[in-house]
Amino acid sequence: MAKVKKEKKKHRQTTIFARIMLRLTFPLLFLAGVFTAVQLTNQMNSMNRSYATESRFAFDTIQKALDAELQDEAIWRDPANLRIKLKELSDLSRVESIQLYDLFERSALFQDQASKWDRLDQLAMEASLQHKQQGKPYFIRVDKDTKRLIAYAPLQGLTEDQLWVARIVFPLAHIMDALNSSRWMLGIMFFLIALTGAAIGRGLAKSIVSPIQSLNEATKEIVEGHLGMHVQISTGDEIETLANTFNRMSESLKEMKQRAEDANPLTQLPGNQGIFYQINKRIQEKQKFIVFHTDLDRFKVFNDAFGLGRGDDAIKKTAHLLRDVMATVGSKDDFVGHQGGDDFVLVVKPSKAVEIAETIVKRFDSEVVKALYRKEDYDRGYFMKEDRRTMQETGATEAKVVKFPLIAISLAGVSNAKKDFADYFDCLNRAVPIKAKVKSEIKSSYFIQE
């Protein structure tokens, strides 16, 4: 079941580019919709203004033509003769229909489907008569439901009882008309929006998707163990910052791996490679620092007297002490490494060197040495042990009991404050005479040669 769910989840996975384009599509469609609505609205308004001007001209023409026709007595004897004239007038303009209404008879002159008059028509006819009394030619009503202009023009015959009203219907702009008129503009607009979307998508792919893909590929390389991988991304934004952070992480992982491989198995401190890197790095960066070559005095005697297990314990306690002092007294960038056996290397800032050395010497004698010996031996400052080696060398039959001084720590420090180190090996060579000098002391001690 878990496998099926995992496969389904994998199947639903999409690319960043696809998600970006999907989210970009909706704003672009919304923009297209808004532009279309604005364009069609403007087009309809423009067409309606044009139609309004055209309709007024048509209304004037039709009213004048009908007024002239109604001066003919033959028309009043047989109104059917007007049918042909109304057809001609309709064809000459965009008029949709013309109906005549007899106000005294209260009926349409020609009964057909378009001659139905409702209450609004009755009110409009009364308004048209008021317009006639005011000297206005006709009354216009806008039918918003059917998108039409309807003009009501009173027509006076030869006598006062001959009064008709012409109902002239003129169509307004329809949405399909506006759409047909704007099809080229809308087509260009949709093309430009699609082109803009493609350009934005390509830009996003170049500035976002491609860098992320590069980071993903580099991450896969790191997962496979190829540490130290770098990616070159120059976007000038957070992605470039992420890439730089990734590069630093890759280098850090490489260094961590090297330190882990180089670490001393007993103390887990960095070994010779780590020591070489730390010293050489500071030399190349022209830093001022002090290197302490540290070892345990009389460690071989201690090993011979108490065994290798106790000797390993002495080294681990010493490593723990050095690490603790560097963490509490030293600076952030100070370093402690383990060359092997009882030899350690400290790399410290000059300002902290004396305090570090004094703290190590003091704590080593009061903590490490005290933990390694019996109380009576520690209080005396030495321990008693048969000297079997001398017995073997001289061939004596009995071994003498000899006093052996307690173990001590020596710190031989060399500084580049006055003279730069040429390289790592120069640093080591300059420490040799200092190391011999400081080990001549019985107790734990240090010395710094500038």
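For the single chain, residues carry numbers from 1 onward in sequence order.
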Only pairs under 3.5 Å count here: list side-chain donor-acceptor contacts from residues 420-431, not counting sequence neighbours, and write none if there are none.
from   : atom 1 : to     : atom 2 : distance (Å)
Asp420 : OD1    : Lys288 : NZ     : 2.8
Asp423 : OD1    : Phe425 : N      : 3.2
Asp423 : OD1    : Asp426 : N      : 2.8
Asp426 : OD2    : Ala422 : N      : 2.9
Asn429 : ND2    : Phe425 : O      : 3.2
Arg430 : NH1    : Lys419 : O      : 3.3
Arg430 : NH1    : Asp420 : O      : 3.4
Arg430 : NH2    : Ser415 : O      : 3.1
Arg430 : NH2    : Lys419 : O      : 3.4

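Under a 3.5 Å cut-off, the side chain of Arg298 and the backbone N or O of Leu406 do form a donor-acceptor pair. Using modelled atom types, no side-chain atom of Asp324 and backbone atom of Leu321 make a donor-acceptor pair closer than 3.5 Å. No donor-acceptor pair closer than 3.5 Å links the side chain of Asp342 to the backbone N or O of Asp297. At least one donor-acceptor pair under 3.5 Å links the side chain of Ser252 to the backbone N or O of Arg248. The backbone N or O of His293 sits nowhere less than 3.5 Å from a side-chain atom of Asp343 that would complete a donor-acceptor pair. When atom types are taken as modelled, the side chain of Arg141 and the backbone of Leu123 share no donor-acceptor pair closer than 3.5 angstrom.
Other residues, nucleotides and ligands contribute only 12 or fewer heavy atoms inside 6.0 Å of the NE2 atom of His320.
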For this session: Verify side chain to side chain donor-acceptor pair (under 3.5 Å) between Glu126 and Ser128, making sure each step is shown before the conclusion.
Result: CA-CA 5 Å; Glu126 294 174 3; Ser128 69; over 6 Å; no
For this session: May I have the step-by-step check of side chain to side chain donor-acceptor pair (under 3.5 Å) for His338 and Gln268, ending in yes or no?
Result: CA-CA 8 Å; His338 188 181; Gln268 298 303 310; over 6 Å; no
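Phe383 and Phe404 have parallel rings, their planes meeting at less than 30° on a 0 to 90° scale where 60° marks the start of perpendicular. A tilted orientation is assigned to the rings of Phe306 and Phe302, their planes being inclined by 30° to 60°.
For Ala353, the side-chain contact (heavy atoms from CB on, under 4.5 Å) partners are Ile290, Phe292, Val348, Ile448, not counting sequence neighbours. Scored by the side chain to side chain donor-acceptor pair (under 3.5 Å) test, Tyr373 finds no partners at all (sequence neighbours excluded).
A salt bridge does not link Asp313 with Arg310: every distance from a Lys NZ or Arg NE/NH1/NH2 to an Asp or Glu carboxylate oxygen is 4.0 Å or more. Salt-bridge formation is not detected for the pair Lys443/Glu441: no Lys NZ or Arg NE/NH1/NH2 atom is positioned less than 4.0 Å from an Asp or Glu carboxylate oxygen.
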